[in-house]
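Everything below concerns the one structure shown next.
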Amino acid sequence: CRYDETLTAVINRMDPSDSTLTYQWYSNTSASTTGGTVISGATKQTYKIGKGLVGKYIYVVVTASRTNYNTNTFAALAPNGPVQKITVTKPTISGTYTYNGKTQYVTINNPNTSLVNVTGNSAIDAGKYTVKFTLKDSANYEWTDKTITAVEYPWEIKVKELTVTWNPNTNPKVTYTYDAKEHAPTPSVTSGVEKETVNLSWNKEIVVGDYISTAQISSVTGGQAKKSNYTLKNNTKPFEIIHAPSKINPNPASLLELVEGTTKTISFTYNGDGVLSAKSSDTSKATVSIDTSKKVVSVTGVSNGKKPNFS
């Protein structure tokens with residue numbers, strides 16, 4: 001027999017049949033119908049096994065009486081003793097979860113909420129959690145494996161993965177021309193979560209070179225406002241900054257017809273880091289040299305009467 005089970009005293013035959021019957025139910029520490037403890041209030045033909053009797057034996061004493069007859073009693077032990085606990089199937093959990101800005105509840109199979117307490121079964125933020133099931137009345141209930149220890153399962157709300165969009169999105173890389181200003185492609189994302197905005201930061205560069213811009217979450221505004229609820233993919237973009245074209249355009253008036261062996265010089269200003277060169281289009285008329293440290297171009301006449309082209 002088990003806790004909360006209803007027992008019935010069955011009378012197979014009684015003579016005289018109109019005798020008056022009284023009942024008293026007892027608990028006992030052994031399988032005996034004597035020496036037990038009276039169960040208070042258990043004086044009917046049926047008895048629903050109450051609390052505190054797990055592990056004990058139950059028996060009933062029936063008394064038959066009738067006028068002009070001797071009173072007689074008999075006792076019977078409840079079958080399948082002693083009293084056992086009621087078994088409860090252990091709950092299990094299922095499902096996968098990704099951050100969405102709302103409270104999420106883990107799916108519970110066989111919850112038995114009338115018999116089992118549940119904690120740790122809900123969360124909002126991405127992270128790892130533990131749901132715990134405990135028997136409400138472990139004195140009278142047990143799991144089907146005969147244990148009463150709390151059952152725990154790990155579960156997780158995964159971070160929401162956001163895809164970064166780059167502008168411009170030239171492949172294989174974005175090209176900029178040096179102009180002494182910061183450059184990099186601009187990343188952007190949409191959270192997909194109501195009232196939450198994901199803000200990004202990324203590296204920019206000034207000087208000539210090959211680079212990779214990496215987008216990172218700088219902050220989240222609205223809602224839970226937690227960076228840890230998100231992760232990024234497609235968050236890198238290669239780009240380059242190339243040398244700016246540079247021209248020296250001398251004033252033609254400075255290159256009057258050169259007398260053989262004389263030299264004209266032209267000063268210039270240059271703030272780049274490219275390689276400079278100067279040449280004459282006709283070395284039979286004039287030669288050209290450049291001194292980058294002094295920022296001077298020198299033009300020397302070779303023969304008279306012609307003005308050299310200069311580039």
Side-chain angles (χ1 to χ4, degrees), residues 1-95 105-122 129-155:
C1 55
R2 294 185 181 276
Y3 163 72
D4 209 37
E5 180 181 341
T6 298
L7 303 175
T8 301
V10 178
I11 308 302
N12 295 320
R13 186 178 65 86
M14 182 172 61
D15 185 24
S17 59
D18 58 351
S19 297
T20 300
L21 300 177
T22 59
Y23 303 86
Q24 179 62 61
W25 295 85
Y26 294 81
S27 65
N28 206 347
T29 56
S30 63
S32 172
T33 57
T34 61
T37 300
V38 171
I39 300 175
S40 179
T43 57
K44 296 181 180 180
Q45 187 178 3
T46 60
Y47 169 64
K48 188 174 184 180
I49 301 174
K51 293 183 177 181
L53 298 178
V54 169
K56 295 183 178 181
Y57 296 85
I58 306 296
Y59 67 93
V60 64
V61 174
V62 181
T63 300
S65 61
R66 189 180 186 284
T67 304
N68 298 322
Y69 286 82
N70 292 326
T71 299
N72 193 17
T73 62
F74 62 91
L77 192 67
N80 303 319
V83 175
Q84 303 294 314
K85 294 180 179 181
I86 293 177
T87 58
V88 179
T89 300
K90 289 183 178 180
T92 59
I93 64 172
S94 60
Y105 296 87
V106 67
T107 299
I108 300 173
N109 309 307
N110 304 314
N112 285 318
T113 53
S114 63
L115 304 176
V116 178
N117 287 318
V118 183
T119 58
N121 62 317
S122 66
Y129 303 94
T130 300
V131 59
K132 183 177 182 179
F133 301 97
T134 55
L135 292 165
K136 290 183 177 180
D137 181 6
S138 60
N140 295 295
Y141 294 85
E142 63 186 3
W143 304 120
T144 51
D145 62 1
K146 303 297 183 181
T147 64
I148 60 172
T149 305
V151 177
E152 297 182 353
Y153 299 104
W155 66 288

Where at least one partner belongs to residues 72-93, residue pairs that pass side-chain hydrogen bond (donor to acceptor under 3.5 Å, both in side chains), sequence neighbours excluded: Lys90-Asp145, Thr92-Asn109
Heavy-atom donor-acceptor pair, [X] side chain to [Y] backbone, under 3.5 Å:
X: Tyr69; Y: Ala64; answer: no
X: Lys136; Y: Thr113; answer: yes
X: Gln45; Y: Ala9; answer: yes
X: Asn28; Y: Ser32; answer: yes
X: Trp155; Y: Gly120; answer: yes

Write down the atom of [X], the atom of [Y], and the distance for their closest heavy-atom approach.
X: Val116; Y: Pro111; result: CB-O, 3.7 Å
X: Ser94; Y: Val106; result: O-CG2, 4.2 Å
X: Gln24; Y: Thr43; result: OE1-CG2, 3.4 Å
X: Ala75; Y: Thr33; result: CB-CB, 3.7 Å

Selection residues 13-39 - residue pairs positive for ring pair (Phe, Tyr, Trp, His ring centres under 6.0 Å), sequence neighbours left out: Trp25-Tyr47, Tyr26-Tyr59
[atom2] on [Y] to [atom1] on [X], rounded to 0.5 Å:
X: Ile49; Y: Asn140; atom1: CD1; atom2: CG; result: 10.5 Å
X: Leu115; Y: Thr134; atom1: CG; atom2: OG1; result: 11.5 Å
X: Tyr153; Y: Phe133; atom1: OH; atom2: CZ; result: 7.0 Å
X: Ile58; Y: Leu7; atom1: CD1; atom2: CG; result: 7.0 Å

Side chain proximity check, Met14 to Leu21, heavy atoms < 4.5 angstrom: yes
Contact check, side chains of Leu135 and Trp143, non-hydrogen atoms, under 4.5 Å: yes
Over 12 non-hydrogen atoms of neighbours within 6.0 angstrom of NZ in Lys48: no
